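Naming: A, B, ... by sequence-line order, numbering from 1 per chain. Predicted, not measured: the structure shown is a model, and the values here were computed from it.
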Number of protein chains: 2
Amino acid sequence: MTTMTAARRRQEAKAEFDAYMDECPTHRLRGIIGNKWSSMILLRLEDGPRRYADLGRALPGVSAKMLTQTLRSLERDGFVARSVTPTVPVQVEYTLTVLGERLIPLLDAVRQWADRHMGEVDEARAHYDATRT
Amino acid sequence: MTTMTAARRRQEAKAEFDAYMDECPTHRLRGIIGNKWSSMILLRLEDGPRRYADLGRALPGVSAKMLTQTLRSLERDGFVARSVTPTVPVQVEYTLTVLGERLIPLLDAVRQWADRHMGEVDEARAHYDATRT
DNA sequence: CTGCATCCCATGTGATACTG
DNA sequence: CAGTATCACATGGGATGCAG
């Protein structure tokens with residue numbers, strides 16, 4: 001029994017840690033702003049409401065599937081609100097919620113850091129790649 | 001020919017946009033801080049240098065592979081420095097670079113936002129899930 | 001117009017076993 | 001101690017076609 005203890009303890013620690021990670025607010029937030037389209041969409045909504053196809057045109061790289069999927073996810077998390085106008089054909093408008101607006105400054109902070117320092121990252125990368133052939 | 005124009009134009013716009021995305025500093029930074037272990041490692045290094053196994057113990061959920069891989073990536077991007085002491089057995093120490101230290105405040109900003117607002121996200125999520133059975 | 005369903009591939013992540 | 005190598009798997013993301 002005693003021989004198993006070390007491995008056993010590590011396993012339990014890992015399980016605990018994994019559970020913690022699932023709860024960890026920071027980790028979850030990173031999951032949100034880390035995905036490919038969330039931030040882009042939020043930033044596009046900063047200037048006011050936008051319709052579905054409108055957003056699609058503003059983000060030429062996005063597929064309909066990802067646009068819908070990301071929008072749903074943002075809606076579920078309370079960052080955007082969705083309102084349908086039952087005309088024919090229907091109009092669907094997406095708006096930033098208060099919570100969504102509060103996220104904008106953070107997104108801007110990320111953007112600013114990137115603008116200021118990603119050049120250094122490029123240099124570091126070039127140097128790293130160069131020094132080992 | 002003219003019938004193809006619309007689709008054609010969209011394709012070109014997409015290609016352009018994709019190229020832009022690859023360059024976009026913000027998007028690249030999100031790729032860095034968005035991955036599972038980068039931020040955690042950087043935050044652990046905040047208090048001073050750490051050795052490989054030491055980091056591993058501080059992050060019970062990480063596999064050796066991911067620890068190495070993430071560390072390599074952070075080193076390449078210039079966020080951490082790796083120094084080897086050729087004793088027997090060898091010692092490898094990881095330290096935050098100046099660039100890495102400059103990233104910490106941003107990471108903290110993310111953490112703070114998460115601590116303050118993820119509760120609201122949970123509520124929104126619960127409400128969303130509840131309202132559509 | 002807005003969105004869902006399906007299929008498919010690339011990538012990220014992890015478990016395990018092995019090495020200088 | 002500090003990795004490397006290999007295999008396996010889940011997820012993210014995209015293309016296409018259909019529907020209300």
*Side-chain N,O (Y52(B)) to OP1/OP2 (dT4(D)) below 4.0 Å*: no
*Whole-Å distance between dC1(D) C1' and L71(B) CG?*
14 Å
*Does R51(A) have a side-chain nitrogen or oxygen under 4.0 Å from the phosphate oxygens OP1 or OP2 of dC1(C)?*
no
_d(CE, M66(B); P, dG12(C)) in whole Å_ = 9 Å
*Protein-nucleotide distance (E75(A), atom CD; dT2(C), atom C1'), rounded to Å*: 13 Å
*Closest-nucleotide ordering on DNA chain D, the 5'-leading residue of K65(B) and D54(B)*: D54(B)
*asked:* Which nucleotide wins on minimum distance to the side chain of A53(B), given the candidates dA2(D), dG13(D), dC1(C)?
replied: dA2(D)
*Can you tell me the distance, in whole Å, between the CG atom of L67(B) and the C1' atom of dG12(C)?*
16 Å
*Under a 4.5 Å cut-off applied to non-hydrogen side-chain atoms, are M118(B) and I32(A) in contact?*
yes
_D18(A)/K14(A) salt bridge by N-O under 4.0 Å criterion_ = yes
*Compare side-chain N and O positions of R82(B) against OP1 and OP2 of dG3(D) and report whether any pair is under 4.0 Å apart.*
yes
*OP1 or OP2 of dG14(C) less than 4.0 angstrom from a side-chain nitrogen or oxygen of K36(B), does that happen here?*
yes
*asked:* In this structure, how many angstroms lie between the C1' atom of dC1(C) and the CG atom of L55(A), rounded?
replied: 14 Å
*Could you pull out the closest heavy-atom pair between S39(B) and I33(B), with the gap in Å?*
OG-O, 3.3 Å
*Aromatic rings F17(A) and W37(B): how do their planes relate, parallel, tilted or perpendicular, breaks at 30° and 60°?*
parallel
_Can you identify which nucleotide, out of dT13(C), dC1(C), dG14(D), has its nearest atom closest to the Q69(B) side chain?_
dT13(C)
*asked:* I'd like to know if R111(A) and D108(A) make a salt bridge, using a cut-off of under 4.0 Å between side-chain N and carboxylate O.
replied: yes
*Rounded to the Å, how far apart are R30(A) CZ and dG12(C) C1'?*
14 Å
*asked:* Can you measure Q91(B) atom CD to dG20(C) atom C1' for me and round it to whole angstrom units?
replied: 16 Å
*Rounded to the Å, how far apart are N35(A) CG and dG12(C) P?*
15 Å
_Nucleotide nearest T68(B) (side chain, heavy atoms from C-beta), chosen from dA15(C), dG3(C), dG3(D)_ = dG3(D)
_Closest to side chain of A64(A), choosing from dT2(C), dC4(C), dA2(D)_ = dC4(C)
*Identify which nucleotide among dT2(C), dA15(C), dT4(D) has an atom closest to any side-chain atom of V92(A), counting heavy atoms from C-beta outward.*
dT2(C)
